[in-house]
Q: 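Before I ask anything, here is the structure I am working with.
Counting from 1, the numbers follow the sequence of the chain as shown. Just follow the structure's listing: the first ligand is 1, and inside any ligand the first atom is 1.
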Amino acid sequence: MSGKNILLGVTGGIAAYKAAQLVRLLVKQGASVKVVMTPTAKQFITPLTLATLSQNPILVDFFNSENGEWNSHVKLGLWADAMIIAPATANTIAKMANGIADNLLTTSYLSARCPVFVAPAMDLDMFAHPATQKNIATLKSVGNIIIDAEDGELASGLSGKGRMAEPETITACVSAYFEQNSQLSGKTIMITAGPTYENIDPVRFIGNYSSGKMGFALAEAAAALGAKVILISGPVKLSSNHPNIKRIDVTSAQQMFEACTANFAQCDAAIMAAAVADYRPATVADQKIKKAENNLTITLEATPDIAKSLGQMKSPKQVLVGFALETENGLQNAEDKLKKKNLDFVVLNNANEAGAGFNCDTNHVTIITSGGEKIEFPTKSKSEVANDIVNQLINCLNK
Ligand code: PMT
């Protein structure tokens with residue numbers, strides 16, 4: 001938790017009094033805490049209490065009438081390493097599930113790129129109501145982490161499930177998350193993605209069908225585990241949101257080669273997921289080539305083999321991962337690439353297989369290691385495939 005920025009959202013329920021203890025525990029564990037309250041939350045606990053404990057001003061309104069400034073929900077969302085909403089009332093949960101942004105807390109939630117923890121707190125019947133359960137399920141399905149309500153005495157005098165989890169439980173849950181998701185913290189990973197375009201003339205190029213989805217999924221997976229990611233991407237229509245990802249855009253194989261070789265020395269590992277052109281026109285015409293009666297011959301020359309160059313530069317501590325995109329003799333060709341490029345492991349995928357390779361959301365891969373291990377995975381989403389590859393990378397880095 002040390003050094004983490006935590007944005008605590010407090011909503012208007014009786015369990016808001018526990019927010020004081022929660023702030024205290026988070027601060028004690030070394031986190032910087034900012035508190036954003038809904039207007040009703042102020043009826044349950046004073047902003048002064050939470051400001052004193054968090055050592056930060058409390059945020060409730062969009063506009064600060066005293067100094068004429070506004071509280072930027074976007075900045076808050078970007079600042080946070082984690083957002084905790086505790087207590088989360090049925091009302092706020094419903095708004096979050098439906099994207100309603102009518103106060104600083106819900107707008108900050110929509111702006112947050114970090115993991116969001118939600119600790120529901122309400123009376124047992126409100127909690128059990130199908131509407132609330134559906135909203136909680138929606139929040140879960142979009143990646144929020146629900147810290148389940150507990151069974152016990154409720155403020156209404158009734159007894160049942162709906163009590164907010166204790167501040168100690170919430171802190172432990174967030175802390176465990178950071179621990180689990182920091183396996184690559186302190187590591188720098190370079191990842192290539194997308195196609196390269198090799199110009200023929202000012203209006204034409206040689207390219208391929210790579211969308212960049214595999215490489216971007218790898219970048220997100222590594223960044224989510226705390227790595228600093230240098231994502232070197234060919235021309236794609238994707239965007240990367242994670243603050244740990246530094247993106248370098250290139251167009252040609254030569255530019256990708258230059259960016260990779262300039263950055264590799266500072267990296268602990270590199271994953272080469274880009275579909276790099278093996279050949280480029282030997283000369284690029286200055287003007288658009290005119291249509292002629294006869295055939296046109298373009299002489300191609302080899303591009304630099306980036307993975308092979310990195311394999312030669314690699315220190316014993318660095319891990320180099322390549323891909324092999326094959327249409328036939330997959331295992332044999334992948335093993336040849338593994339050796340020729342001095343890779344630690346190669347990820348084989350088949351360009352002719354439905355649901356694998358270029359431009360789809362899934363992939364079917366086999367990892368082949370330099371130790372001769374072959375691990376075939378079922379067809380999965382590219383995000384899941386990225387997690388499998390990153391897990392294998394972690395094994396190599398820990399050897
Ligand atoms: O981008 P998507 O649409 O999501 O598709 C994903 C993908 C199919 C592009 C990806 O899964 C993949 O297989 N990437 C590698 C494609 C490729 O060029 O494979 P290859 O077998 O031709 O190359 C072998 C390895 O050498 C690759 O790691 C490649 O990045 C690298 N290489 C190739 C040529 C070159 N000049 N320099 C290189 O570094």
Q: Tell me the protein heavy atom at minimum distance from atom 37 (N) of ligand 1, and give that distance in Å.
A: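 Looking at atom 37 (N) of ligand 1, the protein heavy atom closest to it is Ile306 N, 3.0 Å.
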
Q: Within a reach of under 6.0 Å around NZ of Lys314, are more than 12 heavy atoms found that belong to other residues, nucleotides or ligands?
A: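 More than 12 heavy atoms, drawn from other residues, nucleotides or ligands, come within 6.0 Å of this atom.
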
Q: Could you tell me whether ligand 1 has any atom less than 4.0 Å away from a heavy atom of Gly357?
A: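 So Gly357 counts as touching ligand 1.
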
Q: May I have the list of side-chain donor-acceptor pairs in residues 219-239 shorter than 3.5 Å, sequence neighbours left out?
A:
none

Q: Could you identify the single nearest non-hydrogen protein atom to atom 18 (O) of ligand 1 and state the distance to 0.1 Å?
A: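 Scanning the protein heavy atoms, the shortest distance from atom 18 (O) of ligand 1 goes to Ala275 CA, 3.4 Å.
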
Q: Give the residue, atom name and distance (to 0.1 Å) of the protein heavy atom nearest atom 29 (C) of ligand 1.
A: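 Ranked first by proximity to atom 29 (C) of ligand 1 is Ala274 O, 3.5 Å.
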
Q: State whether the shortest distance between N or O atoms of Gly194 and N or O atoms of ligand 1 falls below 3.5 angstrom.
A: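 For ligand 1, there is no N or O atom that lies under 3.5 Å from one belonging to Gly194.
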
Q: Would you kindly specify which portion of Val276 sits under 4.0 Å from ligand 1, judged on non-hydrogen atoms: side chain, backbone, both or neither?
A: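 The answer is both, backbone and side chain.
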
Q: Please report the interatomic distance CG(Asn135) to NZ(Lys95), rounded to the nearest 0.5 Å.
A: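 Atom-to-atom, Asn135:CG and Lys95:NZ are 12.5 Å apart.
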
Q: Nearest protein heavy atom to atom 1 (O) of ligand 1, by residue and atom, and its distance?
A: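 Answer, as residue, atom name and distance: Ser210 OG, 2.6 Å.
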
Q: For atom 27 (C) of ligand 1, which of the options Phe323, Tyr209, Tyr279 provides the nearest non-hydrogen atom?
A: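 The option holding the nearest heavy atom is Phe323.
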
Q: Touching ligand 1 at all, Asn363? Heavy atoms, strictly under 4.0 Å?
A: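 Under 4.0 Å: yes for Asn363.
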
Q: Is there any N or O on Lys337 that sits under 3.5 Å from an N or O of ligand 1?
A: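 Yes; the residue has a nitrogen or oxygen that sits under 3.5 Å from a nitrogen or oxygen of the ligand.
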
Q: Contact between Ala217 and ligand 1, counting heavy atoms under 4.0 Å?
A: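 Checking ligand 1 against Ala217, which is what was asked, there is no heavy-atom contact under 4.0 Å.
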
Q: In terms of residue, atom name and distance, what is the protein heavy atom nearest to atom 34 (C) of ligand 1?
A: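 Scanning the protein heavy atoms, the shortest distance from atom 34 (C) of ligand 1 goes to Asp278 OD1, 3.2 Å.
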
Q: For ligand 1 and Cys360, I'd like to know whether there is a polar contact (N/O to N/O, distance under 3.5 Å).
A: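 Looking only at distances, the answer is no, because the N/O contact criterion of under 3.5 Å is not met.
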
Q: What's the separation between atom CE in Met164 and atom OG1 in Thr89, rounded to the nearest 0.5 Å?
A: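 Met164 CE to Thr89 OG1: 12.0 Å, rounded to 0.5 Å.
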
Q: Could you tell me whether Asn349 approaches ligand 1 through its side chain, its backbone, both or neither, with non-hydrogen atoms closer than 4.0 Å?
A: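 For Asn349, the contact with ligand 1 is made by the side chain alone.
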
Q: Taking distance alone, no hydrogens or angles, what donor-acceptor pairs closer than 3.5 Å link side-chain atoms of residues 293-301 to residues at least two apart or in another chain?
A:
residue, atom, partner, partner atom, Å
Glu301, OE2, Arg280, NE, 2.9
Glu301, OE2, Arg280, NH2, 3.3

Q: Restricting to non-hydrogen atoms, name the atom on Val276 and the atom on Ala253 that form the minimum distance, rounded to 0.1 Å.
A: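 So the minimum-distance heavy-atom pair works out to CG1-CB, 3.5 Å.
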
Q: Among all protein heavy atoms, pick out the one at the shortest distance from atom 26 (O) of ligand 1; state its residue, atom name and that distance to 0.1 Å.
A: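 Answer, as residue, atom name and distance: Lys341 NZ, 2.9 Å.
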
Q: Please could you name the atoms of ligand 1 that Thr303 approaches to less than 4.0 Å, counting only its heavy atoms?
A: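 That gives atoms 36 (N) of ligand 1.
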
Q: To the nearest 0.5 angstrom, please state how far the CG atom of Asn5 sits from the CE atom of Met83.
A: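 One gets 13.5 Å once the value is rounded to the nearest 0.5 Å.
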
Q: Whether Lys317 and Asp268 form a salt bridge (side-chain N of Lys/Arg under 4.0 Å from carboxylate O of Asp/Glu) is what I want to check.
A: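 Between Lys317 and Asp268 there is no salt bridge, as every charged N stays at least 4.0 Å from the carboxylate O atoms.
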
Q: Tell me which one of Ala253, Pro195, Ala273, Ala351 gets a heavy atom nearest to atom 14 (N) of ligand 1.
A: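 Of the listed residues, Ala273 has the closest heavy atom.
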
Q: For ligand 1, does Ala277 get within less than 4.0 Å through its side chain, its backbone, both, or neither, judged by non-hydrogen atoms?
A: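 The answer is the backbone.
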
Q: Which ligand 1 atoms, with their elements, are less than 4.0 angstrom from a heavy-atom of Asp305?
A: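 This gives 35 (C), 36 (N), 37 (N), 38 (C), 39 (O) as the contact atoms.
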
Q: Would Met214 and Phe323 satisfy side-chain contact (heavy atoms from CB on, under 4.5 Å), going step by step from the backbone distance to the final call?
A: CA-CA 11 Å; Met214 192 65 251; Phe323 271 71; 3.9 Å; yes

Q: For the pair Phe205 and Tyr197, name the ring-plane relationship: parallel under 30°, tilted 30 to 60°, perpendicular over 60°.
A: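 Rings of Phe205 and Tyr197: parallel, as their planes differ by under 30°.
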
Q: State whether Glu326 and Lys337 are salt-bridged, where the test is any N-O pair (Lys NZ or Arg NE/NH1/NH2 against Asp/Glu carboxylate O) under 4.0 Å.
A: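 A salt bridge links Glu326 with Lys337.
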
Q: Should the proximity of Lys308 to ligand 1, defined as any heavy atom under 4.0 Å, be assigned to the side chain, the backbone, both, or neither?
A: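 Contact part for Lys308 vs ligand 1: neither.
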
Q: Pairs of nitrogen or oxygen atoms closer than 3.5 Å, one from Gly322 and one from ligand 1: do any exist?
A: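 There is no such contact.
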
Q: May I ask you to decide whether Asp388 forms a salt bridge with Lys380, counting only side-chain N to carboxylate O separations under 4.0 Å?
A: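 Salt bridge present between Asp388 and Lys380.
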
Q: Judged by non-hydrogen atoms, does Asn359 sit under 4.0 Å from ligand 1?
A: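 A heavy atom of Asn359 does come that close to ligand 1.
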
